[in-house]
Amino acid sequence: MMMMMMCTLKQRHSVLAWLVLAAFCQRESVAFVPRAVEMRRPFLPLQMSTAVPNFNGVEVAKTGGQGAVSTAQRAVDQNLSLGAPRGRPTGGHFLTKGGVQVTANVKPLEFSKSLNPGTSESAIEHLIDQLDSHRGVLLTSSYEFPGRYARWSLGFVDPPVEVSGKSDKCTIRALNERGKILLPAIEKAMQTLKEQGILSDVTVFQESTTSNGEAPSTVKIDVTVVPPPEVGTFNEEERSRQPSLFSVVRSLVDLFGYQNGDGQLGLYGAFGYDLTFAFESINLAQARDPEQRDILLYLPDSVYVIDADKRDAWHVSYDFCVSQKSTQGMPRDGAADAFQKFQEGQPFSDRDTPKGEFALSVEKAKREFAVGNLFEAVLSQTFREKLSDDTPPSKIFRRLRKRNPSPYGFFINLGE
């Protein structure tokens, strides 16, 4: 399955709809996740005005004719980032909060629109090609949105570890030999969650055979989250801290987080809308695809970063050491699953909503707004097209990037 900016190609299953970057901050470990429970605000009367704001107005800094300070630079001056990197890291050796040794090697790239090897543009375009058949993530900004989004890009393929889950079940899987080095540390973190009463079960799967006579390596860990306590038994401010898949994510962030790091090592992927039900239990009215996942995150070990504002670019590669076993020298590879065109003869529908039904839903929502039953509604419908060998996801992503540029574009291979 692929996820793309402004659009999604659905090959088999429904889409994980929320993009998440759970970054390990330079000063402390923090997971940035969408708040599932919206805080209600008191009603305030609207002040109507006929004046039209100048949305194109740019604040020009009074710096003797030097021009406007960019949003990214202003954020740096205020110790904020708008998501963009604060600057090229230097790399080094680090010890994470969970006791994992990390070595970060930083290699500069030439910031250039040229497609010559070693340039930032070449790195991004190569990632786009690889995402047709390899798991990975590309986050890219086509332009800067003043005050909200800085212009930068980050991407990787062939991550060593995948985290996926649905409802109260979560699977942490090694995607290559490098991932197998990391799983013992992750297993220890999951066992700690079980001792804390957050997980009810931790099941470890190992290789059936080994080629070198060594002890079998762990290849997968399945965990089950305990049922959350009944609503009313905890403060509202603690709702998002109740046992859920987010508990697993927070544990992994703490495991791999380290101080004064490069700011790029983290969990990248997608959260599904149904994660809301981990905090707000309601009766479901719509049928769910049993194969749909609520969460899919990757832990990369090789990240490309392009900072268009500072006209800088670099590549960070990570090596890990767990229990005296290191990933140093091991290949950074992953399984290739080539894009498959639509197979004729399979059931196909070009939309999930009968023609005219969406318009009726809009009219109904407007009536509900008028009487105060709704203050927000998210209505959607999905359109589908058959893809051929000539229309891989990368081609469609490039077309979207050109025709409909976005300050927060993304292209993700979810491994399906």
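All residue numbers refer to positions in the sequence shown, counting from 1. Because the structure is a prediction, the values reported are computed rather than measured.
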### Task
Sort out for me which residue in Asp201, Asp294, Thr224 forms a side-chain hydrogen bond (donor to acceptor under 3.5 Å, both in side chains) with Lys169.
Thr224

### Query
Got a donor-acceptor contact below 3.5 angstrom from the Ser141 side chain to the Trp152 backbone?
yes

### Task
Report yes or no: does Arg398 contribute a side-chain atom to a donor-acceptor pair with the main-chain N or O of Glu125 at less than 3.5 Å?
yes

### Query
So which heavy atom on Gln381 is nearest to which on Thr353, and how close?
CB-OG1, 3.5 Å

### Task
Kindly indicate whether the side chain of Met190, heavy atoms from C-beta on, has any atom under 4.5 Å from the side chain of Leu252.
yes

### Query
For His315, does the NE2 atom have more than 12 heavy-atom neighbours from other residues, nucleotides or ligands under 6.0 Å away?
yes

### Query
Just wondering, do Lys194 and Gln191 contact through their side chains at under 4.5 Å, heavy atoms?
yes

### Query
Mind checking what makes side-chain hydrogen bond (donor to acceptor under 3.5 Å, both in side chains) contact with Asp274, not counting sequence neighbours?
Arg288

### Query
Counting distance only, does the side-chain N/O of Lys310 pair as donor-acceptor with the main-chain N or O of Gly87 below 3.5 Å?
no

#### Entry: Side chain Ser133, main chain Ala336, donor-acceptor under 3.5 Å
no

### Task
Measure the shortest side-chain to side-chain distance between Ile412 and Leu296 over non-hydrogen atoms and say whether it is less than 4.5 angstrom.
no

### Query
Is there a side-chain contact between Pro331 and Glu177 (heavy atoms, below 4.5 Å)?
no

### Message
Is it the case that the side chain of Thr119 and the backbone of Ser114 share a donor-acceptor pair, with hydrogens and angles ignored and the cut-off at 3.5 Å?
### Response
yes

### Query
Does the Asn176 side chain pair with the main chain of Gly334, one donor and one acceptor, at a distance under 3.5 Å?
no

### Task
Determine yes or no for a side-chain-to-main-chain donor-acceptor pair under 3.5 angstrom, with Asn413 supplying the side chain and Leu131 the backbone.
yes

### Task
Output yes when a side-chain donor or acceptor of Ser120 lies under 3.5 Å from a complementary backbone atom of Ser112, and no otherwise.
yes

### Query
In terms of heavy-atom contacts, does NZ of Lys107 have more than 12 from other residues, nucleotides or ligands at under 6.0 Å?
no

### Task
Compare all side-chain heavy atoms of Leu265 with those of Leu299 and state whether any distance is below 4.5 angstrom.
yes

### Message
Taking OH in Tyr304 as the centre, count heavy atoms belonging to other residues, nucleotides or ligands within less than 6.0 Å. Is the count above 12?
### Response
no

### Task
If the plane angle is over 60° it's perpendicular, under 30° parallel, otherwise tilted; pick one for Phe271 and Phe246.
perpendicular

Can you give each donor-acceptor pair under 3.5 Å made by side-chain atoms of residues 356-372, sequence neighbours left out, with the distance rounded to 0.1 Å?
from   : atom 1 : to     : atom 2 : distance (Å)
Ser361 : OG     : Glu357 : O      : 3.2
Glu368 : OE1    : Asn373 : ND2    : 2.7

### Task
Please examine the side chains of Thr171 and Glu162, heavy atoms only from C-beta on, and report whether any two atoms are closer than 4.5 Å.
no

### Message
Less than 4.0 angstrom from a charged side-chain N to a carboxylate O is my criterion; do Arg178 and Asp319 meet it?
### Response
yes

### Query
So which of Tyr298, Phe410, Phe156 actually passes ring-ring contact (aromatic ring centres under 6.0 Å, His included) with Tyr268?
Phe156

### Message
Could you check whether atom CZ of Arg351 has more than 12 heavy atoms from other residues, nucleotides or ligands sitting under 6.0 Å from it?
### Response
yes

### For the student: nearest non-hydrogen atoms of Ser122 and Asn116, plus distance
CB-O, 3.3 Å

### Query
Which residues satisfy the side chain to side chain contact (heavy atoms under 4.5 Å, CB included) test with Thr218, sequence neighbours excluded?
Leu183, Glu187, Val204, Gln206, Ile221

### Query
Any side-chain heavy-atom pair from Arg88 and Pro108 closer than 4.5 angstrom?
yes

### Query
With no hydrogens and no angle check, is any side-chain donor or acceptor of Arg311 less than 3.5 Å from a backbone partner on Phe111?
no

### Task
Flag the pair Leu387 / Ile396 as yes when at least one side-chain heavy-atom distance between them is below 4.5 Å, and no otherwise.
yes

